[in-house]
Protein chains: 4
Amino acid sequence: MANSTDDMLHQAQLFNDFTAKQKLIIIAAIDVFAEKGYAATSTKEIAARAGVAEGNIYSRFTNKRGLLNAIITPVLDQMFPAELDDFIKSRLNQDYMSLETFLTVLIQDRITFLQSNAQIIKIVLSELLNDTQVRKRVINNFTAQYWQTMTHDLTVLKQRGVLVDWPFEDILRAIWSTTSGLILGFLYFNQPLDAETVNHSISATIKALSPK
Amino acid sequence: MANSTDDMLHQAQLFNDFTAKQKLIIIAAIDVFAEKGYAATSTKEIAARAGVAEGNIYSRFTNKRGLLNAIITPVLDQMFPAELDDFIKSRLNQDYMSLETFLTVLIQDRITFLQSNAQIIKIVLSELLNDTQVRKRVINNFTAQYWQTMTHDLTVLKQRGVLVDWPFEDILRAIWSTTSGLILGFLYFNQPLDAETVNHSISATIKALSPK
Amino acid sequence: MANSTDDMLHQAQLFNDFTAKQKLIIIAAIDVFAEKGYAATSTKEIAARAGVAEGNIYSRFTNKRGLLNAIITPVLDQMFPAELDDFIKSRLNQDYMSLETFLTVLIQDRITFLQSNAQIIKIVLSELLNDTQVRKRVINNFTAQYWQTMTHDLTVLKQRGVLVDWPFEDILRAIWSTTSGLILGFLYFNQPLDAETVNHSISATIKALSPK
Amino acid sequence: MANSTDDMLHQAQLFNDFTAKQKLIIIAAIDVFAEKGYAATSTKEIAARAGVAEGNIYSRFTNKRGLLNAIITPVLDQMFPAELDDFIKSRLNQDYMSLETFLTVLIQDRITFLQSNAQIIKIVLSELLNDTQVRKRVINNFTAQYWQTMTHDLTVLKQRGVLVDWPFEDILRAIWSTTSGLILGFLYFNQPLDAETVNHSISATIKALSPK
DNA sequence: AATGAATGAGACTTCATTCAT
DNA sequence: CATGAATGAAGTCTCATTCAT
């Protein structure tokens, strides 16, 4: 499946440091990696799809894994942002910030992110399951700053009595399960990602995490 | 990582049609496929880990993919069961069956299933992302009978007013997202799967799917 | 240049631990390595010359360097023997052992050895110049036992007053320079290795190392 | 190992026809060729070590082998000089010229030459073993004029009765074996090249070639 | 049935060389 | 003239699969 125009525009932003030909390689690699998986993809096929000589891959990315890393790194780095959305940041410490607003902004933001990077997300996901190194990077990115930011904010909500008093792990899992379920259905099973569907998921999460 | 004793006992049941030597191959293949992914695993490594000659793989399983299919088929076939748990079946049509009981039994059952087949689930999951054929089989298994069974039961609950009035897709996604999130955390990120954690997930799902 | 019949008989003894097909590979590799050097030889050419599939090289010898090592190891191990020729051993401690006899037996023995392993010697020599690892192995083989054996015997000859009183290094260099010069002329410049030529070299060494 | 200052000064003389940038390439190539051998060296590494673009190699030296030839040619041309040292020339036809003087001057001169061109000598040596073309050039340089000059002078010494009456091949081999043994020990095995060591080698050669 | 040696296509990668800038 | 990106042939090595024993 070829990248959509939107994807290509978005990827153009992610890979600004690369030359035009390098971008061709990256675009092609994203396509094939997302379709068949990293291990089942040959550099020959990538080169052919990019319309360049195979050697280019190695002069720019050192080796096949270097190409993979160049692709997934920017997405990995943005997957668990160190800072929350400005809107949330500005209102969270004010007493009128509801759980509903918090979760809505949070989940919407991540859905937009995941959808914008659909193809790369597929690759990251597949490697997450198969590659210990990638898994470690994800865990690291998660714990490094995101965890602290989130737990800080969740604590505020807990103290205000609008959030269920569970361990943060369970709360975060609930949020991410819903978000991921939505995206995976969209990415792999042609399920819609329209406003109503998203709203149901957000609504489900809000209810799930509200105290009884 | 080697299979646990529980896994091996469970797998012994799944693969009763195979000879002892074939089971050795299957056990070994499950281990390596789950660890590194199908594409990154060589038949030589499987044979070595099983302690048999490489040729044995081909005499019974035709080829590498045949071995994969032999492994994932029984799990695929049970992943979306055509019939619900006896307890649910017996009570669902009675008016005192609560959403809470329904979801608790349903989710508990799938968690038990997924956990019992942890290694194979990893393999199925990875192939789901990378292999169109496997994805089609999953979709097929899902829609064939499970969908009808579930929608029938969910309809009953909806009519009784204890279930939110959303499309079945959204309801099923909510259930499966929670369940999968729990299992994936357990399988890939060393998260616990103890009673409290499971209860929180189930509780979250119940709240999520209850009408306001 | 193909191996001579003598070489092949000799090599059959050196490589007894290998199967027939492995020996074919070794014979072919010796030929090409000796002719063009290790680095300039492709495994494809070796396989073609041996009449086997290229993969065989890797299943038996791990990699290209493994094949080189299999070839040079037995020769390296015999190049600087830990024990001298029986004849020398038996007579050296007797008072009538002359320097002439000592050197004649010693040099003749090494010439026979070097000539019998002509092709492999070429390979060893080339690697000696280009590969630090091989150089270390040679130095190690030299110092491990050969040095002690030789210096012990040379000491006896010195004490008897029939050997020039130089450092052992200089004496050994004189012996090996002559021997090597003879062999290299034979191997690379089509010079003869007949009795008269050898006798002149031995005679030169005897005179060179006799006290004035 | 980088070139010593002496080497660089010496090389500056050998490669006067080249521009500064070309000399940088030559210096770098000498280093790497001497260390790993011609075949195992990439032009990319040479360019990197020289601090120039890879294309420069090709604009002046045509190709990799052209670079090798540019390096070894001046040394090959001087290895077997057509004319002997002035001192020898002037005195050889006089009756008081001793074998001792002859060999001392001759060997000292070659040792100085070989030592001054140590790195290039390593390259020449390695190619001598692996490359038929280089071997032919050496043989040609040897036979072209050096052989005639030497045999002429050796004949004088023979007639005067101060030189052993062997074929010239054997005499020249004795001289060159000793000289080469000295240099090789110095180049590859960290052996000393001090006055005493050299004197022993020269002394050995004199004795070896004196009539009994 | 079982073995694992053998095969050869094809994977990843290197590298001498070219050529547009 | 200088650069180094680009090329693609060729190299090393892997691996699914076959088949003689």
Side-chain angles (χ1 to χ4, degrees), chain A residues 18-22 24-25 38-48 50-67, chain B residues 19-22 24-25 38-48 50-68, chain C residues 19-22 24-25 39-48 50-67, chain D residues 19 21-22 25 38-48 50-68:
Chain A
F18 295 92
T19 68
K21 191 157 287 193
Q22 290 163 12
L24 284 178
I25 292 171
Y38 170 78
T41 299
S42 76
T43 52
K44 189 176 185 176
E45 178 172 1
I46 295 170
V52 303
E54 211 175 346
N56 282 305
I57 295 175
Y58 294 86
S59 58
R60 311 301 183 160
F61 303 100
T62 308
N63 52 29
K64 190 184 168 190
R65 180 144 287 268
L67 174 57
Chain B
T19 68
K21 186 164 286 190
Q22 288 158 6
L24 284 177
I25 292 171
Y38 169 78
T41 299
S42 72
T43 52
K44 186 178 185 178
E45 180 172 359
I46 294 170
V52 305
E54 218 173 340
N56 289 302
I57 296 175
Y58 293 85
S59 57
R60 179 56 150 93
F61 303 102
T62 307
N63 54 28
K64 191 184 167 189
R65 181 144 287 268
L67 174 57
L68 176 71
Chain C
T19 68
K21 192 156 285 193
Q22 290 162 11
L24 284 177
I25 293 172
T41 299
S42 75
T43 52
K44 189 174 185 177
E45 179 172 0
I46 295 170
V52 304
E54 208 175 347
N56 284 305
I57 294 174
Y58 294 88
S59 58
R60 312 299 183 162
F61 303 100
T62 307
N63 53 30
K64 190 184 167 189
R65 181 144 286 269
L67 174 56
Chain D
T19 68
K21 187 164 285 190
Q22 289 158 3
I25 293 171
Y38 169 78
T41 299
S42 72
T43 52
K44 186 177 186 178
E45 181 172 359
I46 294 170
V52 304
E54 218 174 338
N56 289 302
I57 295 174
Y58 292 85
S59 57
R60 179 56 149 93
F61 302 101
T62 308
N63 54 26
K64 192 184 166 190
R65 179 143 288 268
L67 174 56
L68 175 71

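What you see below is based on every heavy atom in this structure, not just the backbone, and it leaves out hydrogens, waters and symmetry mates.
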Q: Report the distance from atom CG of C/Leu24 to atom OG1 of C/Thr19, rounding to the nearest 0.5 Å.
A: 8.5 Å

Q. Could you write nucleotides 11-21 of chain E as a row of B, S and -, 5' to 3', where a protein heavy atom under 4.0 Å of any base atom gives B, of only sugar-phosphate atoms gives S, and otherwise -?
A. SSBB-BBB---

Q: Taking Watson-Crick and G-U wobble pairs with both distances under 3.5 Å, convert DNA chain F into its dot-bracket string, 5' to 3', dots for unpaired and | for cross-strand pairs.
A: .||||||||||||||||||||

Q: Give the rounded distance in Å between these two atoms: CD1 of B/Ile46 and P of F/dT14.
A: 17 Å

Q) Of all residues at least two apart in sequence or in a different chain, which pass the side-chain contact (heavy atoms from CB on, under 4.5 Å) check with C/Ser42? A) C/Lys44, C/Glu45

Q.
Just the rounded figure in Å: distance from P of F/dA16 to CZ of B/Phe61.
A. 15 Å

(Q) Taking salt bridge (charged side-chain N to carboxylate O under 4.0 Å, His left out) as the definition, give me every residue that meets it alongside B/Arg60, ordered by chain and number, with sequence neighbours left out. (A) none

Q | Reported CD-to-CG distance for the pair A/Gln22 and A/Leu67, which is rounded to 0.5 angstrom | A | 10.5 Å

Q. Any side-chain heavy-atom pair from C/Phe61 and C/Asn56 closer than 4.5 angstrom?
A. no

Q: With sequence neighbours excluded, tell me which residues meet side-chain hydrogen bond (donor to acceptor under 3.5 Å, both in side chains) with A/Thr43.
A: A/Glu54, A/Tyr58

Q) Expressed in angstrom and rounded to an integer, what is the separation of B/Ile25 atom CD1 from E/dT3 atom C1'? A) 12 Å

Q) Atom CG of C/Leu24 to atom P of E/dA5: distance rounded to whole Å? A) 16 Å

Q.
Taking side-chain contact (heavy atoms from CB on, under 4.5 Å) as the definition, give me every residue that meets it alongside B/Leu68, ordered by chain and number, with sequence neighbours left out.
A. B/Phe33, B/Tyr38, B/Arg65, B/Ile72, B/Ile123, B/Glu127

(Q) Under 4.0 Å from OP1 or OP2 of E/dA5: is there any side-chain N or O of C/Asn56 that close? (A) no

Q.
Measure CD1/D/Ile57 against P/F/dC1 and give the value in whole Å, please.
A. 17 Å

Q.
Using a 3.5 Å distance criterion without hydrogens, assess whether the side chain of C/Lys64 forms a donor-acceptor pair with backbone atoms of C/Thr41.
A. yes

